[in-house]
Structure formats: C-alpha cells, structure tokens
Amino acid sequence: MKTIEQFNKYVMHSYGRYDLVLDNGGDVTSVDEEGKSYIDFGSGIGVNSLGYCNDEWVEAVCSQAKKLQHTSNYYYTKVQADFAKLLCETAGYTNLFFGNSGAEANECAIKIARKYSFDKYGKGRHNIITLKNSFHGRTIATLSATGQDVFHNYFFPFVEGFVNVEANSIADLHEKLDDTVCAVMFEYIQGEGGVNRLEQEFVDEIFKLCNEKDVVTIADEVQTGVGRTGKFLCGEHYGHKTDLTTLAKGLAGGIPIGACLSGEKCANVLVPGTHGSTFGGNPIACAGGLAVLNKLNTVGFLDDVSKKGEYFFEKLEAIPEVKSLSGLGLMIGIELKTKDAHDVAKKALENGLLVLTAKEKLRFLPPLTISYKEIDEGMKILTDLLK
C-alpha cells in the first residue's frame, strides 16, 4: 500500500484505479509487487499486442536504445524510414504521419481532412460527421468529435464543426451529410462505446455518399487496428479502405506511438509547417513497431488471432450468465444477465484475472499472442465468478 499512497500523493486523481501495483510481466502474465500473478485479458487496453516483454520486441527496443533514443524530425533516421515503409505496405496506404497517441493521430486526420477541403473548395466546408456513441480521444478537439454526452462537460467551449449521426442510421446520415461536410469519421467497432459493430449496409452507404460528394473518409482504428480483429485493419472485414486511417495502442507493443495513414487522395495535403510532433517517429517506438509488424506479418499469425477469437466466443457462449456477445477477433464485449460488469472486473482481479469494461459490458482485449492454455486458465476464473 506504500506505493499506492505515494502514487496518490503525487499523481493527479484523473483515473479510477484498482488497488493493484504491477511490477513485472512475461507473455500474458503480469506480477504485482507482492509476487501475485495475473492473467491479463486487457493487455494495457489493447497496447501490449505481443504480451509482456516479448523476446524479439525487447531485443529490438533495447538495441535501438543503445544506438539512438531520439533526434529531431529535422533529421532522418533509418529505423523510422524502415517502419514507415513496412507499415504503409502492410496497411496498403501511400504515406503517413507519426505522433504519440490515438488522440494525436485523430487530430492529424481532422487537420488533413479540413485542409484537403479548404485547398479544393475554400472556406465553409469544414464540418466533420462523427457517430453517436463514438470515442476519439481526450484532447479538446477529439473530445468535441466524440459522440457521447458524458464527455461533453466541464471543458467548455468545445471545438465547433462536429456533427453527430446515429450509428447505423442511413436516414440520419443522408440528412446531415450536406455541403458543409468535409469528412466522415467513424470506428468500425465502437470500443469505448460498448464494443458495438457497425452494420455492413451503413458502412457501404458512408463510402457511397462520400465518393459522390468528394468527402474524406476517416477510420479511427486506434483500438480495432494492428491485427486486433484478425485482419491488420478492421476495414478489411467490410471490404473498404478509408482515405485516412488512424492507429495507435498496439502498434509499438507498449511504447507510445500514433500514426495517421493516408491514401493517394490526401497524401500531399500536409506541407512543411502545417503539422508536427517533437516525439513523433521516435526511434525506440519505431523499433518496437517493427518488431510488432514483423510478428503480425508472419504467415498464419492473423489467422490464429481469428481462431482464438472464435474459441473465446465458444467458451463465453457456454456460460449461462452471458446474455450477448459483440466484437470480432480478440476484441470482445460481454453483456451479462444479472451481474454488474464493474463488480465482476474487480472480483476477477482479486482472483488473478485482469479484464476491462466498456459501459455496461465486460471487455476483453488480450495480447494477440495469447495461447489456448492461457485462454482456458483465464476463462476458468471468469466462469467460476459467473456461476
């Protein structure tokens, strides 16, 4: 408790934290400072994509740290060039901008979309449609873009120019996508909003209307990207590729990073002086990112993610307390019949299992490298709690 007391004395209380002090970890298991082990079905909210301290990842990061930890973006580094090339080729995009978080990646996408429209059409075409129940970050601009009233408090005035559309409502989309709109920004699966998937028909209509009106499409794949759903990008399941895609979380395996990927349409919108980041493209983060991509690009790796997701769903469907399941791959939302998800998450921690919540649901975002043995061990703890 000494660590927690010291922590709370000096760190602002902006999080509702559990009484757990983590000290070390390996693969899917973390260990607290008293030596108790926990199976982690949350992976740092989807960040530790290769689990804790993966050998290849550790070697890549430590090797880079011994060579060059940082340099200004006035200069070039080979590790950033190599990572950018592999990321663009893996995702199927033309070029990208590196930042440090999902919120920064989304800020970059917002700026690109508005500048694309300004360059081509002038002022007055700056509104961006986002979806109700969405979540895009905690900066003032990305909070403004977020379509949840619970976040729209305290920090007034919010940034203008964001219009919320009901998710999966084609009629609402048609009504609000007018000549003032420069972009539509959405998550294929709304993570913080409850792990809710968009319907194929609705996604198809977004692309149809945006193509007709020359409106930029932006996919926030901060949580769904980097193999989380069994494809490198969740958009692959829908058969679409947006003009801009944002990534973060699991991209560098645990080191802060964000990326805004652009197709040909918006590839040359940013010019010197229009955007920047002191730490963006940091050599150590890029080295971690290369290790992640090399693992994900291994033959059969993403197929295994899909199979593990299916295994999770089968195990969960057999639990009587589970009312419904949502998500895809290793991004899973669990609606319970009678129990409170937050209470279950707390009791799971006490029993050696770390899980997340999303609104009224339990949420799983385990490392992509999780084994079936580890799935079984964690599911036994959960099953016993839900009896």
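Just the heavy atoms: all of them, side chains too, but no hydrogens, waters or symmetry mates, feed the values below.
A salt bridge between D178 and K213 is absent, with no side-chain N of the basic residue lying under 4.0 Å from a carboxylate O of the acidic one. Salt bridge annotation for D119-K115: present, with a cationic side-chain nitrogen under 4.0 angstrom from a carboxylate oxygen. The pair E321-K337 does not meet the salt-bridge criterion, since no charged nitrogen lies less than 4.0 angstrom from a carboxylate oxygen. One finds a salt bridge joining K78 and D82 here, because a Lys/Arg side-chain nitrogen approaches an Asp/Glu carboxylate oxygen to under 4.0 Å. The existence of a salt bridge linking E335 and K361 is excluded, since no basic side-chain nitrogen approaches an acidic carboxylate oxygen closer than 4.0 Å. Between E350 and K346 there is no salt bridge, since no side-chain nitrogen of the basic residue lies less than 4.0 Å from a carboxylate oxygen of the acidic one. Here K85 pairs with E89 in a salt bridge; the nearest charged N to carboxylate O distance falls below 4.0 Å. Checked for salt-bridge contact, E377 and K373 meet the test: a charged N lies under 4.0 Å from a carboxylate O.
Applying side-chain contact (heavy atoms from CB on, under 4.5 Å) to V292 and the options V226, L251, N54 leaves one that passes, V226.
Looking at heavy atoms from C-beta onward, N100 lies in side-chain contact with S277 at the 4.5 angstrom threshold.
Rounding to the nearest 0.5 angstrom, the gap separating the CG atom in D343 from the NZ atom in K339 is 9.5 Å.
Taking the six-membered ring where tryptophan is involved, the planes of F41 and F312 are perpendicular, since the angle between them exceeds 60° and thus also 30°.
Not less than 6.0 angstrom separates the ring centroid of Y188 from the ring centroid of F202. Between F135 and F151, the ring center distance clears the sub-6.0 Å criterion. With ring centers used as reference points, H126 lies 6.0 Å or more from F118. Separation of the F207 and Y238 ring centroids does not fall under the 6.0 Å cut-off. Outside the 6.0 Å centre-distance limit, the rings of Y311 and F313 are not counted as a close aromatic pair.
Under a cut-off of 6.0 angstrom, the local environment of NZ in K308 is crowded, with over 12 non-hydrogen atoms contributed by other residues, nucleotides or ligands. Open room surrounds CZ on R138; 12 or fewer heavy atoms of other groups in view lie less than 6.0 Å from it.
Annotation for I112 and C260: closest pair CD1-SG, 4.0 Å, computed over non-hydrogen atoms.
Residues satisfying the side chain to side chain donor-acceptor pair (under 3.5 Å) test with E192, not counting sequence neighbours, are Q223, R363.
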